[in-house]
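Below: the structure, in structure tokens.
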Protein chains: 2
Amino acid sequence: MKVKDDGQGHSGDAAELAEGERPTLKTIAFMAGLGVTTVSRALKDAPEIGQATKNRVQLIAKQIGYRPNRAGVRLRTGKTNVISLVLNAQSSIMGLTSNMVYGISEVLSQTPYHLTVTPYSLENDPMQPIRYIVETGSADGIIMSRTEPDDPRVRYLTEHGIPFATHGRTEMGIDHPFHDFDNEAFAYLSVKSLLARGRRRIAMLAGPSPAVTYYRHLDRGFSRGIEEGNAVAALFSGIDVDTSLGRIRDRMEEIMSGPNRPDGIVCCTGGAAIALVAGIEAAGLKIGEDVDLVSKQSTDVLKWFRPQIIVFNEDVRHAGRELARAVLRRIAGVDARELQSLSYPDENEPR
Amino acid sequence: MKVKDDGQGHSGDAAELAEGERPTLKTIAFMAGLGVTTVSRALKDAPEIGQATKNRVQLIAKQIGYRPNRAGVRLRTGKTNVISLVLNAQSSIMGLTSNMVYGISEVLSQTPYHLTVTPYSLENDPMQPIRYIVETGSADGIIMSRTEPDDPRVRYLTEHGIPFATHGRTEMGIDHPFHDFDNEAFAYLSVKSLLARGRRRIAMLAGPSPAVTYYRHLDRGFSRGIEEGNAVAALFSGIDVDTSLGRIRDRMEEIMSGPNRPDGIVCCTGGAAIALVAGIEAAGLKIGEDVDLVSKQSTDVLKWFRPQIIVFNEDVRHAGRELARAVLRRIAGVDARELQSLSYPDENEPR
DNA sequence: TAACTGATTATAAAGGTTTTTATATTCATC
DNA sequence: GATGAATATAAAAACCTTTATAATCAGTTA
């Protein structure tokens with residue numbers, strides 16, 4: 001073994017090994033009697049390095065528990081090895097956020113990527129966190145939700161060439177990776193199952209402002225169902241899925257005590273569904289008799305909820321996995337159009 | 001303005017300004033006709049730099065939107081500016097994770113710190129993510145939950161001198177930052193309120209295995225309440241708060257159909273409470289008549305749940321804020337004993 | 001006059017990695 | 001026995017920041 005002293009180590013080279021600090025390429029280089037260049041290449045299986053050398057270097061690396069220094073790599077390559085999840089802090093009752101995070105993590109844990117979470121509040125400009133990430137270069141890819149038909153974030157990121165994937169679709173003629181739950185199908189099927197139970201005056205709790213794409217999908221599916229079934233659409237005014245549960249409950253009580261109350265209701269989140277039930281019962285009506293309720297849920301809590309309501313599941317964890325895979329593949333250069341997927345409502349077997 | 005060419009720029013210095021790339025200290029240095037050192041110091045308000053220079057440099061920095069390169073800082077200083085939240089992926093129904101994340105983010109957003117999330121599954125060794133973070137040096141501080149009385153993670157991190165804060169206490173004679181909900185008080189008050197409703201045979205759904213500290217706190221508060229009230233503690237065997245909702249429901253139906261069924265029940269998560277109710281009703285009993293139920297919740301969903309159950313709130317978002325502040329202050333060198341806090345159950349006004 | 005302040009700014013090195021370019025060695029070919 | 005190609009390793013530069021040290025310069029002071 002050739003021992004070289006390049007005069008760079010301020011502590012004697014012999015001490016190099018004994019340091020309590022984390023090993024670097026230099027440590028391995030010293031131990032193997034090679035240059036850092038060769039070590040760097042050997043570790044990433046570069047073709048220029050002889051097999052014997054590779055084996056030796058990789059063995060040493062494993063033995064001393066070498067882990068590349070992220071800052072070094074990041075500085076040199078410009079890659080952060082970070083995916084950033086940007087989501088809003090309000091609309092996340094009942095485990096939507098958690099499941100998304102877990103789904104994404106599940107995929108990233110097999111890779112060198114870390115996940116950072118950047119919440120923003122609905123009062124603030126949704127562009128702000130996006131701009132921050134781009135300006136500071138703090139992530140290689142972004143996952144975001146609450147997509148709007150004409151979404152400035154999508155435009156901005158596309159212009160800047162930053163890989164991203166959205167939970168939800170847009171309608172702006174830009175191809176980008178997305179995963180979406182088929183809310184149109186959900187709303188349609190919901191109406192269908194209410195019709196099948198003989199309900200005729202059907203209402204839906206609206207999605208979060210028409211600015212968010214899935215509001216439109218819900219609406220489309222709902223209208224189609226109503227039309228096909230020759231039913232009457234009763235509208236809820238003054239509340240949507242972003243409204244506080246307290247207000248939803250109160251308004252619901254009002255509506256259900258009024259003259260033109262619906263006998264079937266579609267709702268797109270579990271939390272709101274519980275508030276709706278509270279309002280309905282406060283008005284003295286019984287679920288399953290006076291009125292039926294269908295809801296989407298993203299945890300299985302509603303499955304055990306009494307009174308029993310009709311439930312369709314959205315597997316948000318799966319969405320997280322899909323989105324993570326999509327950004328990663330986008331970063332790897334895969335065409336955006338190959339990274340678009342939809343998942344379909346899955347009716348809970350009644351219990 | 002003095003123009004200097006240090007011969008380092010591979011692209012002509014004039015082009016330096018026009019680049020579409022992110023500005024660095026060098027960019028500012030060139031624009032101001034100063035050295036990078038001076039610029040670096042001027043930006044952080046170092047005492048060695050003249051006020052006029054500082055003003056000039058800071059103005060330029062703001063104008064061109066300079067943001068320090070994280071990798072550069074990290075490499076040079078060894079600080080990652082990252083806080084890592086380590087939590088387990090299962091026990092998080094009903095928004096516990098989300099609220100924790102949002103609470104932490106709220107605090108970190110005022111600082112240069114980013115939040116990364118590292119979930120692990122209950123089947124895996126909880127030490128694994130911790131070791132990874134320490135070995136790769138990927139965070140300056142850690143926040144973790146599900147603390148055990150004798151927690152190997154706490155021991156490990158303390159030995160390695162890594163700042164951290166736990167959601168939950170330990171019992172190992174090591175002072176470390178924590179924030180905890182007073183589960184003993186919660187259990188005690190829960191029993192009290194059941195007693196006040198005339199209940200005598202009171203049971204509790206156990207916390208997650210005695211290995212997790214708050215199990216003991218629940219137990220202690222529960223026992224004290226029972227004792228003081230001269231009541232009978234009926235035990236649930238075979239289920240705890242980590243059991244699947246389906247099993248909880250089924251087992252509950254069994255228990256409530258049996259001979260020695262309780263007439264008062266304490267439960268420590270909202271999700272489980274819903275499953276309990278399902279089981280109770282399946283056994284043909286009525287909440288509020290045959291039996292009363294008290295539960296802790298960390299979102300306000302249960303507040304609207306019917307039948308009405310007694311609810312105490314744990315403000316997990318607040319816990320997140322406390323924990324974030326605690327790690328940050330610990331990183332800043334504050335004594336661990338000053339970073340320990342408790343929050344108290346807060347009974348929901350009945351609705 | 002020379003040495004000393006104190007206030008500024010500059011130089012150089014370091015941190016860990018990757019990449020471009022260079023050097024040394026081996027092997028086959030003419 | 002020289003030329004060229006192929007193989008194997010090294011050196012040096014670059015990424016951006018911070019810090020320790022050095023240099024400059026004015027105005028004092030001994």
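Note that the structure is a prediction, hence the values are computed from the model and not measured. Note that these values count all heavy atoms, side chains included, but never hydrogens, waters or copies made by symmetry. Below, chains carry the letters A, B, ... as their sequence lines are ordered, and counting in each starts from 1.
A:Thr80 places a side-chain N or O within donor-acceptor distance of the main-chain N or O of A:Asp140, the cut-off being under 3.5 Å.
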Output a table of nitrogen or oxygen pairs between the protein and nucleotides 20-24 of chain C separated by less than 3.5 Å.
{"unit_1": "C:dT20", "atom_1": "O4", "unit_2": "A:Arg41", "atom_2": "NH2", "d": "3.2"}

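Comparing the start and finish of the helix from C:dT1-D:dA30 to C:dC30-D:dG1, five pairs each, the helix axis swings through 80°, to the nearest 10 degrees.
Residues A:Ser98 and B:Ser98 approach most closely at OG-OG, 3.5 Å, considering heavy atoms.
In this structure, the salt bridge (charged side-chain N to carboxylate O under 4.0 Å, His left out) partners of B:Glu322, at least two apart in sequence or on a different chain, are B:Arg325. By the salt bridge (charged side-chain N to carboxylate O under 4.0 Å, His left out) test, A:Glu338 is found to be paired with no residue, residues two or more places apart in sequence or in another chain being considered.
Going from atom CG of A:Leu43 over to atom P of D:dT9 covers 14 Å, rounded to whole Å. We find that CZ of A:Arg74 is positioned 18 Å from C1' of D:dA14, with the value rounded to whole Å. What separates CG of B:Leu25 from P of D:dC15 is a distance of 13 Å, to the nearest Å. Going from atom NZ of B:Lys54 over to atom P of C:dA7 covers 12 Å, rounded to whole Å. Rounded to an integer number of Å, the gap from B:Leu34 CG to C:dT11 P is 11 Å.
To the nearest 0.5 Å, atoms CD (B:Glu148) and CE (B:Met172) are separated by 9.5 Å.
Between A:Leu328 and A:Val334 the shortest side-chain heavy-atom distance does not fall below 4.5 Å. In this structure the side chain of A:Tyr156 never reaches within 4.5 angstrom of the side chain of A:Ile162, judged on heavy atoms. Looking only at side-chain heavy atoms (C-beta outward), A:Met31 and A:Ile64 come within less than 4.5 Å of each other. The shortest distance between side-chain heavy atoms of B:Asp150 and B:Arg155 falls below 4.5 Å.
Residue B:Gln51 is the one, among B:Gln51 and A:Val73, whose nearest nucleotide of DNA chain C lies closer to the 5' end (criterion: closest heavy atom). Projected onto DNA chain D by closest heavy-atom contact, A:Thr53 and A:Val36 fall at different nucleotides, the more 5' of which corresponds to A:Thr53.
Between B:Arg146 and B:Asp151 there is no salt bridge, since no side-chain N of the basic residue sits under 4.0 Å from a carboxylate O of the acidic one.
In the region residues 57-71 of chain B, proximity to DNA chain D at under 4.0 angstrom, judged on heavy atoms, holds for B:Tyr66, B:Pro68, B:Asn69. Near-neighbour residues of DNA chain C inside residues 75-84 of chain B, defined by a heavy atom below 4.0 Å, number-ordered: B:Leu75, B:Arg76.
A parallel orientation is assigned to the rings of B:His179 and B:His167, their planes being inclined by less than 30° (bins at 30° and 60°). Classified by interplanar angle (parallel below 30°, tilted 30° to 60°, perpendicular above 60°), the ring pair A:His176/A:Phe178 is perpendicular.
Contact annotation: A:Thr38 side-chain N/O to D:dA8 OP1/OP2 distance is not under 4.0 Å. When the side-chain nitrogen and oxygen atoms of A:Lys26 are compared with OP1 and OP2 of C:dG16, none of them lie within a distance under 4.0 Å.
The closest side-chain donor-acceptor pair between A:Thr97 and B:Tyr102 falls under 3.5 angstrom. For the 3.5 Å distance criterion, the side chains of B:His114 and A:Ser138 fail to qualify, holding no donor opposite an acceptor.
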